[in-house]
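Take a look at the structure set out below.
All figures in this text were calculated on a predicted structure; none of them were measured in a lab.
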Amino acid sequence: MRRIAGLLVAPLLLLSAVACGSDDKASDSASSKNGVPAITAGAKFGEKPTLSKGEGDPPKELKTDVISEGDGAKLKNGDAIQVNYLGQAWDSTKPFDNSFDRKQPFDLTLGAGMVIQGWDKGLVGQKVGSRVELVIPPELGYGEQGQGDIKPNATLVFVVDILKATQIPASAKGTEVAQDNVDLPKVGVKTDGKAPTVTIPKGDPPKKLVSNYVLESDGEVVKESDSVVVNYVGMIWKGAKEFDNTYSTGKTQTFPLSQVTLKGLKNGLIDKKVGSRVLLVIPPDQAFGDQQQQAIPKNSTLVFAVDILAKV
C-alpha cells in the first residue's frame, strides 16, 4: 500500500521538499570545534545561529555534538517533538533552510520516518531544552539524489533546538458514543493500539462532511493553530477499499492543521478533543475533487477513522 500522507499536508522541509535557501551567509573563517563547524554567532539556545564552513573532509559517520544540554526528558522514538533548526551543507557558507526566520517551529514524530534518517538517529536520547549540532553523512541525508538546493552526496549540518516533547499513547480512549445512523460507516471501539475496523454501508455517501465522535475523550479541544499527532485508517467509500493505514506501519503522523491541504480532514478535526477517536466522511469537494490521487479515483468520497493521540 502506498502511503498518501504527503498528499494530505503541504510539503515541509525534510519530508519531500526543501524550502528556499536563506540569504544569510555564514562565516568561512572560524575553525571547527569538536569536529563540527563552529557557531560564530547566535550560539545560545533560542537564538538563530550562524555556522562556519566545515574544514577538510567531513566525518563519515553521523555525529551529534551537544552545544548546550537542557534539563528535560530524553527523547525516545515515538515522541512528538517540536524543534527549531538551521540547516547548511558542510562545504557551504549559506544555509539552505531555517525555521527561526519563519518563527514557526517544526513538529515531527521521532522515529516515524517523517524526516531524514540523520535526524531520527541523531536526536534520540537528547534532552528537551538542548541545542545540538548534527553532522549527517549523505547516506543518512538525501544521498545520491540530493534535494532542492542540496547537492547530491552532500554532508549536512544542522543546529537543532529541542523545544518540547510529548509522549504518545498507543490508542484513543474515551466514552463510547452511539453509532446509530445506519447510513454512516461503523468504526470499531477497541483500544489495543491496532487499527479499528471500519464498515462502510452499501448505500450512497452523504453529500456533506461528517465528523462524529466514536470515542469521546475529555482532552483539550483541537484548534486550527495546533499540530496533532494521529493514527488513522483511510478508505474509499465506493468499494470500501483501504488506501492508507498508519497503524500497519507502527508510525504515527504529525499534522500541522494550518498546513493540511485536505479540507475535510482539517475541518473535521478542528474542535474535536485530544484523546478521541473520530469518524470522518469527506465528500469529494472537501477531498481531492475531480483529481485522481494515486489509488484514489476522482470524485471519491473518503472515510477516515482517526485517533487524535496528542497535540503539540
Side-chain angles (χ1 to χ4, degrees), residues 10-70 75 81-108 110 114-124 126-127 129-163 259:
L12 298 172
L13 173 72
L14 308 175
L15 293 176
S16 60
V18 175
C20 296
S22 168
D23 291 333
D24 296 338
K25 285 193 174 183
S27 167
D28 58 3
S29 60
S31 61
S32 296
K33 182 180 180 181
N34 297 331
V36 302
I39 299 175
T40 59
K44 293 181 180 179
F45 183 93
E47 296 179 341
K48 178 185 173 182
T50 300
L51 271 175
S52 65
K53 182 178 179 180
E55 290 187 344
D57 293 332
K60 301 297 185 183
E61 306 292 333
L62 173 68
K63 188 172 181 62
T64 302
D65 186 47
V66 179
I67 306 301
S68 60
E69 187 174 60
L75 302 184
I81 70 171
Q82 187 174 80
V83 302
N84 271 319
Y85 66 88
L86 179 138
Q88 187 170 301
W90 174 273
D91 59 356
S92 176
T93 61
K94 183 179 180 182
F96 53 76
D97 191 33
N98 82 88
S99 66
F100 294 92
D101 287 344
R102 290 193 295 274
K103 302 186 185 305
Q104 182 180 1
F106 179 58
D107 299 303
L108 67 142
L110 197 62
M114 297 175 61
V115 292
I116 55 176
Q117 292 184 60
W119 271 50
D120 272 343
K121 294 177 181 294
L123 293 178
V124 168
Q126 303 304 319
K127 293 182 178 180
S130 297
R131 166 167 284 194
V132 300
E133 187 171 343
L134 304 175
V135 180
I136 301 175
E139 61 271 20
L140 298 179
Y142 292 103
E144 297 178 353
Q145 291 74 35
Q147 181 75 53
D149 293 336
I150 299 172
K151 297 182 295 185
N153 296 311
T155 294
L156 307 179
V157 183
F158 287 92
V159 176
V160 182
D161 285 354
I162 305 169
L163 304 178
Q259 297 174 7

[X] side chain to [Y] backbone, donor-acceptor under 3.5 Å:
| X | Y | result |
| --- | --- | --- |
| Gln88 | Ser92 | yes |
| Asn84 | Asp161 | no |
| Asp120 | Leu123 | no |
| Trp90 | Gly56 | yes |
| Ser99 | Tyr85 | yes |
| Arg131 | Ala43 | yes |
| Thr64 | Leu134 | no |

Are any of the side-chain heavy atoms of [X] and [Y] separated by less than 4.5 Å?
| X | Y | value |
| --- | --- | --- |
| Glu69 | Val132 | no |
| Leu86 | Phe96 | no |
| Asp97 | Arg102 | yes |

So which heavy atom on [X] is nearest to which on [Y], and how close?
| X | Y | value |
| --- | --- | --- |
| Pro49 | Ile39 | CB-CG2, 4.0 Å |
| Pro138 | Thr155 | CD-OG1, 3.7 Å |
| Pro37 | Ser52 | CB-O, 3.2 Å |
| Leu140 | Lys121 | CD2-CE, 4.0 Å |
| Val124 | Leu110 | CG2-CD2, 3.7 Å |
| Phe100 | Asn98 | N-OD1, 2.9 Å |

*Answer yes when Lys94 and Asp149 have at least one side-chain N-carboxylate O distance shorter than 4.0 Å, and no when they do not.*
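So Lys94 does not pair with Asp149 through a salt bridge.
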_Could you walk me through whether Ile81 and Asp107 satisfy the side-chain contact (heavy atoms from CB on, under 4.5 Å) test, starting with their C-alpha distance in whole Å, then the side-chain angles of each, then the deciding distance to 0.1 Å, before giving a yes or no?_
CA-CA 6 Å; Ile81 70 171; Asp107 299 303; over 6 Å; no
*Show the numbers, then the answer: is there a side-chain contact (heavy atoms from CB on, under 4.5 Å) between Lys151 and Asp91?*
CA-CA 11 Å; Lys151 297 182 295 185; Asp91 59 356; 3.5 Å; yes
*Residues that Lys44 engages under salt bridge (Lys or Arg N to Asp or Glu O under 4.0 Å), provided they are two or more places apart*: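 Partners of Lys44 by the salt bridge (Lys or Arg N to Asp or Glu O under 4.0 Å) criterion come out as none, since no residue qualifies.
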_Separation of Phe106 CZ from Gln82 CD (nearest 0.5 Å)_ =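 Here the interatomic distance stands at 11.0 Å.
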*Value rounded to 0.5 Å, distance of CD1 in Ile136 from CG in Leu62*: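 Answer rounded to 0.5 Å: 6.5 Å.
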_Does Leu108 form a side-chain contact (heavy atoms from CB on, under 4.5 Å) with Trp119? I'd like the steps, not just the answer._
CA-CA 10 Å; Leu108 67 142; Trp119 271 50; 4.2 Å; yes
*Taking only residues two or more places apart in sequence or in another chain, which ones pass side chain to side chain contact (heavy atoms under 4.5 Å, CB included) with Glu139?*
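For Glu139 the side chain to side chain contact (heavy atoms under 4.5 Å, CB included) partners, ignoring immediate neighbours, are Pro137.
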_Quick one, Gln126 with Ile162, criterion side-chain contact (heavy atoms from CB on, under 4.5 Å). Give me CA distance, side-chain angles, the key distance, then yes/no._
CA-CA 8 Å; Gln126 303 304 319; Ile162 305 169; 3.6 Å; yes
